[in-house]
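Convention: sequence-line order gives letters A, B, ...; per-chain numbering from 1.
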Amino acid sequence: MGRYEPHQIERRWQAVWESERTWEVPNPGEPGFDDSKPKAYVLEMLPYPSGEPHVGHLKCYAVGDAIAHFRRRQGFQVIHPMGYDAFGLPAENNAIKTGEHPRVATQASIEEFRRQFRSWGVSLDWSRELATCDPDYYRWTQWLFLRFFERDLAYRADAPVQWCPTDQTVLANEQVVDGHCERCGSLVESRRLEQWFFRITSYADRLLSGFDLLESWPEHVVTMQRNWIGRSEGAEVTFRCAELDLDFPVFTTRPDTLFGATFFVLAPEHPEIERIAAGTGHEQEVRDYVDAAARASTEDRAADEGPKTGVALGRTVTNPVNGEQIPMFVADYVLMDYGTGALMAVPAHDQRDHDFATTFDLPIRQVVTNPDTPGREAEEASGSDSDGREAEEASGSDSQAEAYTGDGPMTNSDRFDGLDSREAYTAIVEWLQSDGKGRAAVNFRLRDWLLSRQRYWGCPIPIVHCERCGTVAVPDDQLPVELPDVDDFAPKGQSPLAAVSDWVNTECPSCGGPARRETDTMDTFVDSSWYYLRYLDAHNDQAPWGREAADHWMPVDQYIGGVEHAILHLLYSRFFCKALSDMGHLDVQEPFINLFAQGMITREGAKMSKSKGNTVSPADYVARYGADATRTYICFMGPPERGGDWTDEGVEGTFRFLARLWRLKEEVVARTAAGAGPPDPVAADGDARALLAKAHWAIDKATRDFQRGFQFHTAISAVMELVNEAYAVKDGLYGTSEGDAVMRIATATAASLIFPFAPHLGSEVYEAIEGDRVWERPWPEPDPALLESDTFALVVQVNGKRRDQIQAEVGTSEEELLRLARESEGVRRHLDGKQVVKEVVVPGKLVNLVVR
RNA sequence: GCCCGGGUAGGCAAACUGGCAAAGCCCGCGUGCUUAAAACACGCUGCUCGCAAGAGCGUUGCGGGUUCGAAUCCCGCCCCGGGCACCA
């Protein structure tokens, strides 16, 4: 008998799949298209090609490939493509360091990824391969940008950005670490610059309602997106500053507490600050505060510790509900980019306002009473003898230590007194609305997507700036606007593209006059927001995709990837899909109907990183144990949505199991005769029947594990059990035609079931026994007659403790089961001299006798 | 602080609607094969008694509760991981 030689087997099958283009699928209308089969789009998140693939990639593609194989054999026509998210910062940073063009390193990396994916035997349709940095791809990224631009879904506006004064560049948020530049360590500043945005906020509501169209997404991913979108219902209420003739609308989720507003606060970035302070004598103090706030890093401002800071503005606004003049402040706990950048402060019912009021000794007026502690706050406060806070708490007649944020009966609120705060909410909003002082409003935390980057290695924005015509779109027939080559990749306050003068200086497509190209490039998330559509028609040079192809394949039936993309990539893609459908380019509202988020693999409990030196290179393991063992191990480590700790012993364990299956095949081929035909399950008995039943149990178990959220680890263990059972009974089965047939069936079944994880070995073993290609065979179905047996083990308990086990016929009556139980050896011992007070019978399972 | 996950033998884990806790894999120990080792095959692997068959006991982070019966349901905590964090 030979040995299990994975590399030989893997090379052989990979050559077959490659030369026969096994995993390629045609589009509708193309030769070979089979419209009798339902489609399934199985997609793993495309990799960013940097260096070589790591274990996270291996896990993602091993999981995705198992799903693709399973669906194919269930009769689906599966599209399973691959590409590369090839623009991006790491390649560019490397270029800045080495002077080598980012294309060179990216291309080398793509080749390495491609080589390894093939060595893993992933069943990909290579005819649809793409790279986002390829002009044939980004031509259409630009084309799509122009469609958004035409509809005002892409626009240009002034925006605060993170600026590194040393590197003279704008930084992406991810490049700012604790308020400092990731590369040089300088303190990052905030600057206002003209930037490009996608109007994702106009899809906020639909991004929320779209969750109802999804079949299966991890709940926490949906929650994270919900929180990110951050929809709040409330009211917009206008506070007027009569002296300056200025209106200040504010957003509040608690219009019921309007009578409790005792002051008014603006964000330091609020555009009217200087005008408000002018002529009050507070100008200098205000200016100093605003400057300090601008200098403070976002982190410092967000830090929840320390007292609230702020400065009085020396003016008042009128509370529209009661005409009261309340003082205005500027404070950095108010954010310019949420709501209107101003708020009414209700210290009695908002903790932050309460903190501010306490620090600045401002009145705290309760307007909602806490039904649980009616009027006993003062007593509670005096009970504490802790620190020097008593003095502050004592100020203000009805102050509390904390804001009460719940509901309750209204007080101090004029004619709304006595109403429940929830009723008051509605009543006050209606009243404001009829008086023109406010209206019901919805506010979102989500902001528009800033897509421009002052970077080289990205997709150029196809816009030209003309002195006469303004911002002009590059006509479709002039696309792509190709990324020109440069020598110096270092950013100098604007994109390195700005230095390429013969590229920048161009003609206005509208008037023919001199014009300058937009030098910013796009965020790489734009590239990856539509790649799943390009796969469907990857070589179309008339359009980004054909409608027929998109209508046939979309949506993605199963998307697989890491949770790190839970918000940005998935939200952006959902936005693109909805916007493109609205434009008539698509007919789906949600791109990814099912999402599977894989867990992270660790080593010795720690996240893998180059600096820790605990990385695992898939290539090393594939070289040592073969792709099948490495992939199977990853799927066997534990539930794939959870993480797992990588151990070399574990890989060896799955290798041993695969080798054991291979040896079983060798022996079965040598010792049994083919062609006996499938045994009659009714005729089989003893070990033969038991093994056959085990095979069908494994089919049933593996199938259910696939359907139940990809519980691959238990599916694989079922195959291990089947193989173990075959080893246990094999010597007694060889030699009879029935025994031979059952051994062949059991071995082929194990091969068939392990195929989605170990495709090479699965093919090899199946072919050796059945003479057939396993991927062309339908996924096996269990024979119900073999899943059930006519007897079962009846567990007998006394007082909930197991005392005996009896074989009983299926369908035995409850009375009979009770009789059997009472008569059993183990039970009688425990019934001695005691009285049975209760009998519990669960048919088919157990009997419990309660005694005293 | 808030919102999600999770805590089960030495490690990873299983247990589908409350019904024999611990399948499978790893580690460890033993037996066979072997001159020997590796590989392989078989067995053991919660505790106690027993040569053994077997018997008894215990057990799912901690403390309560519901139930004939709880890893599973309820209440109160502790620990680990992740996300969000002045969002008016």
(request) Would you indicate what Y727(A) reaches in the nucleic acid, counting non-hydrogen atoms under 4.0 angstrom: base, sugar-phosphate, or nothing? (result)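 Y727(A): backbone/sugar contact only, no base atoms under 4.0 Å.
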(request) Taking all non-hydrogen atoms of both residues into account, name the closest pair between V847(A) and A821(A) and its distance. (result)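 Between these two residues, the closest heavy atoms are CG1-CB, 3.7 Å.
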(message) Restricting to non-hydrogen atoms, name the atom on V265(A) and the atom on A345(A) that form the minimum distance, rounded to 0.1 Å.
(response)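 Between these two residues, the closest heavy atoms are CG2-CB, 4.2 Å.
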Taking [atom1] from [X] and [atom2] from [N], how many angstroms apart are they, rounded to a whole number?
X: R642(A); N: C4(B); atom1: CZ; atom2: C1'; value: 14 Å
X: R445(A); N: G83(B); atom1: CZ; atom2: C1'; value: 11 Å
X: M600(A); N: C80(B); atom1: CE; atom2: C1'; value: 14 Å
X: E641(A); N: A13(B); atom1: CD; atom2: C1'; value: 13 Å
X: D332(A); N: C86(B); atom1: CG; atom2: P; value: 11 Å
X: H220(A); N: G5(B); atom1: NE2; atom2: P; value: 9 Å
X: Y4(A); N: A41(B); atom1: OH; atom2: C1'; value: 20 Å
X: Q797(A); N: A70(B); atom1: CD; atom2: C1'; value: 12 Å

(message) I'd like the P distance from G10(B) over to U59(B), given in whole Å.
(response)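 Looking at atom P only, U59(B) and G10(B) are 15 Å apart.
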(request) Could you provide the dot-bracket string of RNA chain B, using ( ) for intrastrand pairs, [ ] for crossing pairs and | for bases paired to another strand, with Watson-Crick or G-U pairs below 3.5 Å? (result) (((((((..(((......[....))).(((((.......))))).((((....))))...(((((..]....))))))))))))....
(request) Using salt bridge (Lys or Arg N to Asp or Glu O under 4.0 Å) as the criterion, list what pairs up with D648(A), not counting sequence neighbours. (result)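 In terms of salt bridge (Lys or Arg N to Asp or Glu O under 4.0 Å), with neighbours along the sequence ignored, D648(A) is linked to R603(A).
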(message) If you assign A659(A) and G638(A) each to the RNA chain B nucleotide with the nearest heavy atom, which residue ends up on the more 5' nucleotide?
(response)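 The answer here is G638(A).
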(message) Tell me whether the side-chain N or O atoms of K845(A) pair up with the base of C20(B) as donor and acceptor below 3.5 Å, since no angle test is needed here.
(response)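 Flag unset: no donor-acceptor pair detected.
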Polar atom pairs (N or O), protein with nucleotides 22-26 of chain B, under 3.5 Å:
| unit_1 | atom_1 | unit_2 | atom_2 | d |
| --- | --- | --- | --- | --- |
| A23(B) | O2' | E721(A) | OE1 | 3.3 |
| A23(B) | O2' | E721(A) | OE2 | 2.6 |
| C25(B) | OP1 | N724(A) | ND2 | 3.4 |
| C26(B) | OP1 | R656(A) | NE | 3.2 |
| C26(B) | OP1 | R656(A) | NH2 | 3.0 |

